[in-house]
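Shown next, in structure tokens, is the structure this report addresses.
Here the structure is a predicted model, which is why all the values come from computation and not from measurement. Atom set for the values below is all heavy atoms of this structure, side chains included, hydrogens, waters and symmetry mates excluded.
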Amino acid sequence: MSYRIEDYALIGDMQTAALVCRDGTLDWLCLPRFDSHAVFAGLLGTEENGFWRIGPAHAADAKPPAANRRTYDGDTLILTTEWDQPGNGSVRVTDFMPPRDGAPQLIRIVEGLRGRVTMRSTLRMRFSYGRIVPWVHKMGDRTVAVAGPDSVWLDSDAETRGENLSTHSEFTVLEGQRVAFALSWQPSHLPPPSLPDPEGALEATTAFWRDWVEQCTYRGPYREAVIRSLITLKALTYAPTGGIVAAPTTSLPEDIGGVRNWDYRYTWLRDAAITLSSLLRTGYRDEARAWREWLLRAVAGDPENLQIMYGIAGERELGEAELDWLPGYEKSAPVRVGNGAAHQFQLDVYGEVTEALHLGHMTGLDRNDDAAGLQLNLIEYLEDHWQEPDEGIWEVRGPSRHFVHSKVMAWVAVDRTIKLIESGAADGPMDRWYKLRDDIHREVCEKGYDPERNTFTQSYGSTELDASLLLIPQMGFLPPEDKRVIGTIEAIQRELSTPDGFILRYPTQGDSEGVDGLPGDEGAFLACSFWMADDLAMIGRVDEARKLFEKLLSIRNDLGLLAEEWDPRLQRQVGNFPQAFSHVPLIDTALRLTAAGLSGG
């Protein structure tokens, strides 16, 4: 691949999403859902694995020209990309996916801005993640590609022709002229989808996003970054069920050329819970309510079989497989679909879910006795299992450990449930759970703290640090002024910082397999860097926190999007993109710094 991860833009319809590069190439799209097989998988392979490029015509042996400008149309998920062609004119392509009402559609509208520009569309559909060449044929004025259960329909104002197993169109636009293309998916056994109305869809999509953004209650100095992050989180929400994917992609590497490549097109309870908290604190209760209903259906009152992640409709079986016909992004193999971590035991998930339910209760989300019952069931299970080792927040594939963050989140689960009972919204054995909360707290402080170095450690008996320890004051386990908290913050800052001041999750071992059971290194985990900014603000170092936060904002791409990590060596984003677990703490830190500024901190 010749383009970096941050060169891509996101468009989507809250059921699936596409990535569009700055040269007008659409390199990733799964239909009809986030977790369906990709129709365009060029992102993880080559053009032979599927793409759709619309841009100024260029010589066959030349690289497609990158756009001169691109942006989202205000506070929407509608992408506009513009090219200036010296001596000819300027042209704009508007890309979007209308919120779904029937067949999923991806619409691309070419508009002449000045002069006369010759444009080219090259569409190469490859089903089943770039492996299957579909049967492409005409049905009247429409072009349809069929393979097994899937059909994709192309409608356009421009004439198209088939050549080299691709669909081509070349046309000229004058100033003010508009030429539309629309791609629609339909099960192949059904009648053709209805003809699209690109201009009407554009108007409706614009209205949808602007109406949605108006609900945001944040009015602080970082509003632009917060709004773009909220739009991104909304785009990662699967509208029919309320499930939230961690990212719309699979196998974008955490280490370029390495094996740390995972499928993130599922709903992690942890990621979804923290996403919910950010949405609630910025005024979005409908999404919070939908997620709570999704949670109740997915878990189905069965905490003993609680999974750390589910499919976007609550599916439990997410078997992991490797796609050996795809070489991977920049030769980062293997390409994986499914996720074998789904059945790991991660103790911290109980805390994140309970914290999200607690926040919903505290912010006035309508009472739900089933949710309260689930919370009580989770604590009853936790009561018998909190002393077991687990795989932790980072889903290590090495040996299970007594991770300190996991135990802290077990404490959070018990603490928030006690608060639920104290509020009168539920009943439970208070004396027993007061003792449980105290027991967990005592054990963490005794076994997870290194008094010689004045820092908590990654796991009991370990000397390693872990950035998840930054959540100790944010979760209320200890107050920020506690010397152990300050010592931990300073130790992480000292030992897990990159040269440019961002924070690693934990030490990796390079060529050998470390705590996570994997070879290779990874970049700075962006969520951890936001957590550091939060902690610095909490201990009174607000100016330092603000500088770190603004440095983090500076590495967003030109559209305000973040992947999972930042590679300090290559100075580029890495990991799946865009990543909910990066955009959520961005919002949280903006809220905290705004509050600190208002209070004069």
Side-chain angles (χ1 to χ4, degrees), residues 1-12 16-22 25-30 34-47 49-51 129-130 232-233 235-236 245-266 268 271 309 318 320-341 394-395 505 508 516 518-527 555-583:
M1 299 294 298
S2 57
Y3 283 98
R4 294 186 171 199
I5 289 169
E6 54 263 48
D7 287 317
Y8 285 90
L10 174 77
I11 59 174
T16 190
L19 295 187
V20 185
C21 198
R22 62 174 66 249
T25 301
L26 197 153
D27 272 330
W28 182 255
L29 174 64
C30 300
F34 291 110
D35 55 353
S36 299
H37 289 201
V39 175
F40 304 121
L43 182 69
L44 300 178
T46 70
E47 290 188 347
N49 301 118
F51 73 99
Y129 297 105
T232 302
L233 296 178
L236 298 181
V245 296
T249 55
T250 180
S251 300
L252 290 180
E254 298 168 13
D255 181 21
I256 299 292
V259 301
R260 296 169 182 261
N261 318 317
W262 314 108
D263 192 347
Y264 277 17
R265 298 171 300 153
Y266 305 111
W268 270 253
D271 297 40
M309 75 179 87
L318 309 176
E320 187 171 296
E322 297 180 3
L323 308 184
D324 57 11
W325 62 89
L326 288 173
Y329 177 86
E330 293 193 14
K331 307 299 181 184
S332 303
V335 170
R336 295 182 175 95
V337 294
N339 201 305
W394 308 128
E395 298 171 5
R505 291 192 289 182
T508 52
D516 56 17
L518 296 167
D521 290 310
E522 64 173 15
F525 201 79
L526 294 176
I555 65 170
R556 297 177 302 156
N557 77 355
D558 56 313
L559 298 170
L561 301 179
L562 286 169
E564 185 177 29
E565 300 182 6
W566 173 259
D567 189 319
R569 297 168 298 116
L570 301 177
Q571 293 289 291
R572 58 183 293 190
Q573 295 189 30
V574 290
N576 283 301
F577 174 88
Q579 172 68 236
F581 209 50
S582 297
H583 285 280

About how many Å separate [atom2] of [Y] and [atom1] of [X], when rounded to the nearest 0.5 Å?
X	Y	atom1	atom2	answer
Asp271	Met309	CG	CE	9.0 Å
Arg336	Arg260	CZ	CZ	10.5 Å
Leu43	Asn49	CG	CG	10.5 Å
Leu326	Ser332	CG	OG	12.5 Å
Asn576	Ser251	CG	OG	7.0 Å

Pick out which of Leu252, Asn261, Leu323 makes a side chain to side chain contact (heavy atoms under 4.5 Å, CB included) with Leu44.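 Filter result, single survivor: Leu252.
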Ala563 backbone acceptor or donor facing Gln573 side chain under 3.5 Å: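 Flag set: sc Gln573 to bb Ala563 pair under 3.5 Å.
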Side-chain donor or acceptor of Glu330 paired with backbone N/O of Arg4 under 3.5 Å: no
Restricting to non-hydrogen atoms, name the atom on [X] and the atom on [Y] that form the minimum distance, rounded to 0.1 Å.
X	Y	answer
Phe34	Ala235	CZ-O, 3.2 Å
Ala333	Pro327	CB-O, 3.8 Å
Thr232	Leu10	CG2-CD2, 4.3 Å
Pro248	Val245	N-CG2, 4.5 Å
Ala9	Leu559	CB-CD1, 3.2 Å
Pro253	Val574	O-CB, 3.3 Å

Stepwise side chain to side chain contact (heavy atoms under 4.5 Å, CB included) check, Val337 with Arg265: CA-CA 9 Å; Val337 294; Arg265 298 171 300 153; 3.7 Å; yes
Would you indicate whether the side-chain heavy atoms of [Y] and [X] approach each other to under 4.5 Å?
X	Y	answer
Pro334	Asp324	no
Asp27	Leu19	no
Gln579	Leu562	no
Asn557	Phe577	yes
Arg22	Tyr8	no
Leu318	Asp35	no

Trp394 vs Phe581 aromatic rings, parallel, tilted or perpendicular, using cut-offs 30° and 60°?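 If you compare the ring of Trp394 with that of Phe581, the planes turn out perpendicular.
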Before accepting this row, confirm whether a basic side-chain N of the pair Arg505/Glu254 lies closer than 4.0 Å to the acidic partner's carboxylate O.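 A salt bridge is present here (some side-chain N lies under 4.0 Å from a carboxylate O).
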Any salt bridge linking Arg572 with Asp567? Criterion: basic side-chain nitrogen under 4.0 Å from a carboxylate oxygen. no
Worked verdict on Leu236 versus His583 for side chain to side chain contact (heavy atoms under 4.5 Å, CB included): CA-CA 11 Å; Leu236 298 181; His583 285 280; over 6 Å; no
Could you go through Thr46 and Phe51, starting from their C-alpha distance and side-chain angles, then the distance that decides it, and tell me whether this counts as side chain to side chain contact (heavy atoms under 4.5 Å, CB included)? CA-CA 9 Å; Thr46 70; Phe51 73 99; over 6 Å; no
Quick one about Tyr266 and Asn339 (side-chain donor to acceptor, distance below 3.5 Å, no hydrogens or angles considered), yes or no? no
Can you list the steps and then say if Thr250 with Trp28 is a side chain to side chain contact (heavy atoms under 4.5 Å, CB included)? CA-CA 10 Å; Thr250 180; Trp28 182 255; 3.8 Å; yes
